[in-house]
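We name chains A, B, ... by the order of the sequence lines, and we start the count at 1 in each one. Predicted, not measured: the structure shown is a model, and the values here were computed from it.
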Amino acid sequence: MKLKHLLSTAALVLLSSIVYAGFLQPAPVLVTVNADLSGDAQGDMATARFSASDLELIGCGYRTFDDGAGGVLKFGFCQAVQDDGSAEGLRGFCSTQRADLLDTMRATSDYSFVTFSWNAAGECTRVGFSTQSFYIPESKEKAK
Amino acid sequence: MKILTTLVLVQTGILSLLFVKIVNIEEKVSVVEQVAQSRPVSDIFSAPLTDRYSRDSHANSNELQLRNIIREELAAHLIVMTGSDNQDDSTIAVESTYTAENQDQLNLVAQKLDYFESVGSISEMEMQNIQTDIAKLHKADQGRMLNRLMRTMNAGDIKGRL
C-alpha cells in the first residue's frame, strides 16, 4: 500500500514537471555606465518585474507632447535599473527623437528582452527587443 | 558558312548603330561644354527660367535639360536629408525665429533642472511636468535639454524614472 502511494506521488511530481517544461532563459537586468556617462543595458521584462529586488526595472517608452504652438515634441526613451546592492541601484537612461529608433521602440511587447545603448550625451544609439517563449516567467507571482 | 556570314553582318550593323550613337552623344557633350564655358556657373543657377529662351535653341534645350537634372537631383537629395534627419530639418526651419519667449522658457527649464539636481531626485509628476516644459522649448533647445536630463540621471545626480 505504501509502495502504491509512493509510486503515485512520484508519478504526479513527474507529470507536473512535464506540464511546466520548456526552455527558460531569465535575463536579469545588467546596466553599464562608463566614465563619460555613455553605457548600455539589457535584461528581460519578466525577470525584472518578478525580481526579488524592488529596484529592478527595464523598458522603453514613447511620448508625444503638444508644444503649445501647433507642433509636437515626440521622443522615445529607454531606462533600466540594476540592483547592484546600493540604495538606488545602477541606473541607465537614454532618449531619442530619431525616427528609425522610434520605430524600433514601438516593437516592444510583453515579456520582451530589452537591450539598448546610449552615448555620452544621453542619446539612444541602439535599441533592440526580442520576444521569445523562454522569457515568459514560470510564475507571475513576485518572489519574496 | 551562311551562319557565319549572317553573324558578321549582324555584328557590323550593331557596331554601326553604336558608332552613330556615340557620335550623337559626343556632339551633345560638346554643346553642353560650350554652354558651360560661355556662362559662369553662378549664372546658370541664378538665371531665371525665361532667360534661357534668349539663347540659341540647341544650346538652350541642353541647358534646360542640365538645369532640370540638377533640380531633380537636388530635390531628391533634400528629400533623403529630410527623411533621415527630421530634427536637423526642423532646427534649420525655426532657427531664424528664436524669440525672447524661447529664451525665457529655456531659462525656466534650466532652472528646474538645476533645482532637481540640487534636491537629487524627481517625482513622477515632476518628471511629466519637466517633459511638458521641454516640449514648449524652441526646437533647437528641446534635444539639448532632453540630453541634459538624461546625462544628469545617468550621472546619478537626479534619481527618478522617465
Which bit of [X] comes within less than 4.5 Å of chain B, counting heavy atoms only: side chain, backbone, both or neither?
{"X": "A:Leu90", "answer": "neither"}
{"X": "A:Asp36", "answer": "backbone"}
{"X": "A:Val31", "answer": "neither"}
{"X": "A:Asp66", "answer": "backbone"}

Find out whether A:Asp44 and A:Val114 are in side-chain contact, i.e. whether some heavy atom of one side chain is under 4.5 Å from a heavy atom of the other.
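A:Asp44 does not reach A:Val114 side chain to side chain.
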Any side-chain heavy-atom pair of A:Phe75 and A:Thr96 under 4.5 Å:
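They are not in side-chain contact.
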Under 2.5 Å between the SG atoms of A:Cys124 and A:Cys94?
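With an SG-SG separation under 2.5 Å, A:Cys124 and A:Cys94 do form a disulfide.
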Using heavy-atom distances under 4.5 Å, tell me whether B:Gln105 contacts chain A through its side chain, its backbone, both, or neither.
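For B:Gln105, no heavy atom lies under 4.5 Å from chain A.
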Between B:Leu149 and chain A, which part of the residue has a heavy atom less than 4.5 Å away: side chain, backbone, both or neither?
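Nothing of B:Leu149, per the 4.5 Å heavy-atom cut-off to chain A.
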Does B:Asp141 reach the main-chain N or O of B:Leu137 with its side chain, forming a donor-acceptor pair under 3.5 Å?
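Side chain of B:Asp141 to backbone of B:Leu137, a donor-acceptor pair under 3.5 Å: no, none is there.
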Using the six-membered ring of A:Tyr62, assess whether NZ or CZ of A:Arg106 lies under 6.0 Å from its centre and within 45 degrees of the ring axis.
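Output yes; distance and angle both within limits.
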Chain B interface, residue from A:Gly122, A:Ala120, A:Ala121, A:Gly92 that has the most non-hydrogen pairs under 4.5 Å
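Result: the option with the highest number of such pairs is A:Ala121.
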Does the separation of the ring centres of A:Tyr135 and A:Phe113 fall below 6.0 angstrom?
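For A:Tyr135 and A:Phe113, the ring centres are under 6.0 Å apart.
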